Amino acid sequence: DIRPPSDDDAFATLHGLFWLMAGIAARAPTLVSVDDLQWCDGPSLRFMAYLARRLDGLALLLAASLRPGEPDVDAAVMAELESEATATVRPAPLSLVAVRGMLLAALGDQPAAEFARAVHEACSGNPLLVRELVHAVRSEGIEPGASSAALVAELGPDTLARSVLRRVRRVGAGAEELARAVAVLGD
């Protein structure tokens with residue numbers, strides 16, 4: 001006989017998982033790290049909220065990354081998690097020096113100052129967009145020299161547009177048409 005879990009079953013599961021985590025944290029300081037919290041399933045989100053309310057006295061750190069504004073997220077549970085947060089970190093855009101470091105690591109050649117500056121400006125210091133642009137630079141066989149800086153501006157918008165379009169398409173049917181309609185409005 002398979003039956004859907006009752007509220008009592010759900011609470012028992014949450015409580016059991018909490019005690020499991022408390023037992024682990026009693027043995028050694030523990031980190032629970034969740035990347036892209038907005039993509040967690042409902043039961044996992046509810047457990048994170050349940051755990052977050054009970055961290056006092058435990059050698060346990062709950063750290064999560066979150067991209068705000070994603071669709072299909074349980075807003076009530078997310079708000080509860082945010083209200084329990086003791087610290088919120090909103091990273092600043094990458095500096096020019098950091099972008100140069102990413103270019104060096106990804107391309108293997110020291111990028112010319114002009115090239116690095118062009119990438120930094122095209123991506124506004126966004127690491128995801130820098131990676132996307134690096135992928136395009138590699139696939140086009142572009143060398144990171146001063147003479148290639150102008151090519152970055154040409155690559156930038158197309159590369160970034162493809163990245164955004166992939167994300168929009170993941171939202172579901174009609175999202176691309178809506179994005180195109182809204183795009184004509186400008187800023």
Side-chain angles (χ1 to χ4, degrees), residues 5 7-106 111 116-117 119-135 156 159-172 175 179 182 187:
D7 287 345
D8 289 341
D9 292 338
F11 176 77
T13 301
L14 291 174
H15 198 64
L17 287 171
F18 164 74
W19 280 109
L20 173 67
M21 296 307 303
I24 291 169
R27 290 189 194 125
T30 304
L31 168 67
V32 175
S33 177
V34 181
D35 190 23
D36 292 321
L37 188 67
Q38 73 278 359
W39 292 335
C40 283
D41 60 283
S44 298
L45 275 179
R46 285 188 291 282
F47 173 64
M48 292 294 127
Y50 188 88
L51 181 61
R53 290 189 306 267
R54 291 162 177 79
L55 291 175
D56 285 345
L58 295 180
L60 193 141
L61 173 65
L62 176 58
S65 68
L66 168 67
R67 180 178 302 125
E70 290 285 321
D72 300 325
V73 174
D74 187 330
V77 175
M78 289 300 217
E80 184 177 344
L81 277 166
E82 287 183 47
S83 73
E84 294 295 330
T86 57
T88 301
V89 177
R90 287 183 174 79
L94 295 175
S95 68
L96 177 57
V97 171
V99 169
R100 282 187 73 135
M102 283 184 73
L103 292 171
L104 176 61
R117 195 171 11 269
V119 170
H120 185 257
E121 288 173 13
C123 299
S124 300
N126 182 311
L128 172 67
L129 301 181
V130 172
R131 280 195 307 267
E132 290 291 324
L133 196 59
V134 164
H135 178 70
T159 301
L160 303 182
R162 284 192 302 274
S163 176
V164 169
L165 190 54
R166 277 195 308 271
R167 287 172 185 259
V168 168
R169 285 179 177 154
R170 281 198 321 239
V171 172
V182 170
D187 292 342

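This is a predicted model, so every value here is computed, not measured. In this chain, residues are counted from 1 in sequence order.
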Atom pairs and distances, side-chain donor-acceptor, residues 55-66, under 3.5 Å, sequence neighbours left out:
from: S65; atom 1: OG; to: D35; atom 2: OD1; distance (Å): 2.5
from: S65; atom 1: OG; to: D36; atom 2: N; distance (Å): 2.9

Quiz: residues 26-33 side-chain donor-acceptor pairs under 3.5 angstrom, not counting sequence neighbours:
from: T30; atom 1: OG1; to: A28; atom 2: O; distance (Å): 2.8

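Annotation: side-chain contact (heavy atoms from CB on, under 4.5 Å) contacts of E121 (sequence neighbours excluded): R117. In this view, P93 satisfies the side-chain contact (heavy atoms from CB on, under 4.5 Å) rule with no residue, not counting sequence neighbours. In this structure, the side-chain hydrogen bond (donor to acceptor under 3.5 Å, both in side chains) partners of H15, at least two apart in sequence or on a different chain, are W19, Y50. Residues passing the side-chain contact (heavy atoms from CB on, under 4.5 Å) test with S95, sequence neighbours excluded: V97, A98. Take R131 and apply the salt bridge (Lys or Arg N to Asp or Glu O under 4.0 Å) test, not counting sequence neighbours, and it matches no residue. Take A79 and apply the side-chain contact (heavy atoms from CB on, under 4.5 Å) test, not counting sequence neighbours, and it matches no residue. Residues passing the side-chain hydrogen bond (donor to acceptor under 3.5 Å, both in side chains) test with R54, sequence neighbours excluded: none.
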(request) Starting from the C-alpha separation in whole Å, work towards a yes-or-no answer on side chain to side chain contact (heavy atoms under 4.5 Å, CB included) for N126 and L94. (result) CA-CA 6 Å; N126 182 311; L94 295 175; over 6 Å; no
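Atom-to-atom distance recorded for L17:CG and R46:CZ is 12.5 Å, nearest 0.5 angstrom.
The heavy-atom pair separating C123 from L133 by the smallest distance is SG-CD2, 3.7 Å. The shortest heavy-atom contact between A52 and E84 is O-OE1, 3.7 Å. Closest non-hydrogen pair, C40 versus V34, comes out as SG-CG1, 3.7 Å.
Residues M102 and V134 are not in side-chain contact: their nearest non-hydrogen atoms beyond the backbone lie 4.5 Å or more apart.
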